[in-house]
Amino acid sequence: MPEGHTIHRLAQDYAARFQGREDLRLSSPQGKFSDAATVLGGASLTRTEAHGKHLFLGFRAGDWVHIHLGLFGKVTFGDAPAPPPTDTVRLRLANATSYVDLRGPTTCALITDAEKQAIHDRLGPDPLRPDADPAAAYARVRRSRTTIAALLMDQKVIAGVGNVYRAEVLFRHRVDPYRPGRDITAAEWDAIWADLVALMRDGVRDNRIDTVRPEHTPEAMGRPPRVDDHGGEVYVYRRAALPCHICGTGVRTADLAARNLFWCPTCQTP
DNA sequence: TCCTTATGTACAA
DNA sequence: TGTACCTAAGGAC
């Protein structure tokens, strides 16, 4: 599930169900986080935060649980009573009314304030954070020979964009994914950034990625709605060889840095 | 039941 | 650039 919008939504949802309550219990049925769960004991959740794809659960001054879902991590919320956990649950939070299970994360670790700060320091601006500075991202983009497709996935350049938002925002701005960063104009970057802010805010609200403009929706175009397992309506992501919604050209796909890239060779210009 | 795939990242060579 | 890691679902047998 995880691009930045998912993580910001998780920060909200963890807070809504657990923040400020005194009846919290932590456990690690799988065992890999048992020591930390014991250290935290019955501490209450005081705040939550997201930066890019990193989630931080704050328990007391200096105590943070740092979570990164990686490619496979999943989080499941539910109402009490919590069912018996399966043996893949890395971290369960439970109180009298709710539970939440974390499975398969790349990272789930107890860290200090200083360690958390170090993570912020190595991440680029996040379109979903109010403190984000798009000019800092553009400063890196404009002096790079690397393709814009790779730069958008580089969390040091911009935090929170993943393979879906990358493909979709480049399509929406008609930018060929192989164009070098240095050939992206300031106006193009400003438009891409503003679009990411809007798209990702929608993503947090809806808990899915929809990128198709109203005039290109299945209803407007007279096509059947797309239903994929990520749940959203998109232009090119995972639509290899299918006709482009706008021009009908077959959507192309290629490997770029071990990830699948999708684009329309007609609509997107070098 | 096995194989492939996936919205990610880190580290080795 | 390749590989390892974490999990679950879907499709091929």
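Lettering of chains follows the sequences in order, A, B, ..., and the numbering in each one begins at 1.
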**OP:** With C1' as the reference atom in both, quote the distance from dA8(C) to dA10(B) in angstrom, rounded to an integer.
**Re:** 23 Å
Under 3.5 Å, N/O pairs linking protein and nucleotides 9-13 of chain B:
{"residue": "dT9(B)", "atom": "OP1", "partner": "His68(A)", "partner atom": "NE2", "Å": "3.3"}
{"residue": "dT9(B)", "atom": "OP2", "partner": "Lys53(A)", "partner atom": "NZ", "Å": "3.2"}

Leu196(A) atom CG is separated from dT7(B) atom C1', nearest whole Å, by 14 Å
Under a 4.0 Å heavy-atom cutoff, the residues of residues 30-38 of chain A touching DNA chain C are Gln30(A), Lys32(A)
| task | Answer yes if the ring centres of Phe171(A) and Phe262(A) are under 6.0 angstrom apart, and no otherwise. | result | no
Separation of dC5(C) atom P from Phe72(A) atom CZ, nearest Å, is 12 Å
From CG of Leu69(A) across to P of dA6(B) the rounded distance in Å is 18 Å
(message) Please determine whether residues Val65(A) and Leu24(A) belong to a single hydrophobic cluster, defined as Ile, Leu, Val, Met, Phe, Trp and Tyr linked transitively by side-chain heavy-atom distances below 4.5 Å.
(response) yes
From OH of Tyr237(A) across to C1' of dG8(B) the rounded distance in Å is 12 Å
When rounded to whole Å, the CZ to P distance for the pair Arg90(A) and dC5(C) reads 13 Å
- Give a yes or no on whether the ring-centroid distance for His216(A) and Tyr235(A) is below 6.0 angstrom. yes
Provide the distance between the two C1' atoms, one in dT1(C) and one in dT7(B), to the nearest whole Å. 23 Å
Check: Is there side-chain contact between Leu93(A) and Arg17(A), with heavy atoms separated by less than 4.5 Å?
Finding: no
To the nearest angstrom, the CZ-C1' distance between Arg103(A) and dA8(C) comes to 10 Å
From CZ of Arg238(A) across to P of dG10(C) the rounded distance in Å is 11 Å
Q | N/O donor-acceptor pair under 3.5 Å between Glu3(A) side chain and Tyr165(A) backbone | A | yes
Here the distance between atom P of dC6(C) and atom CG of Leu102(A), to the nearest Å, is 14 Å
Flag the pair Tyr138(A) / Trp193(A) as yes when their ring centroid distance falls below 6.0 Å, and as no otherwise. no
Side-chain donor/acceptor of Glu49(A) to backbone N/O of Leu57(A), under 3.5 Å
no
Taking atom P in both dT5(B) and dT3(C), compute the distance separating them and give it to the nearest angstrom. 15 Å
Hey, is Arg60(A) close enough to Asp63(A) for a salt bridge, meaning N to O under 4.0 Å?
yes
Which pairs would a plain distance check flag for residues 245-259 of chain A, meaning a side-chain donor or acceptor within less than 3.5 Å of a matching protein atom at least two apart in sequence or in another chain?
{"residue": "His245(A)", "atom": "NE2", "partner": "Val234(A)", "partner atom": "O", "Å": "3.2"}
{"residue": "Thr249(A)", "atom": "OG1", "partner": "Thr266(A)", "partner atom": "OG1", "Å": "2.7"}
{"residue": "Thr253(A)", "atom": "OG1", "partner": "Leu261(A)", "partner atom": "O", "Å": "3.0"}

Exercise. Side-chain N or O of Asn260(A) less than 4.0 angstrom from OP1 or OP2 on dA6(B)?
Worked result: yes
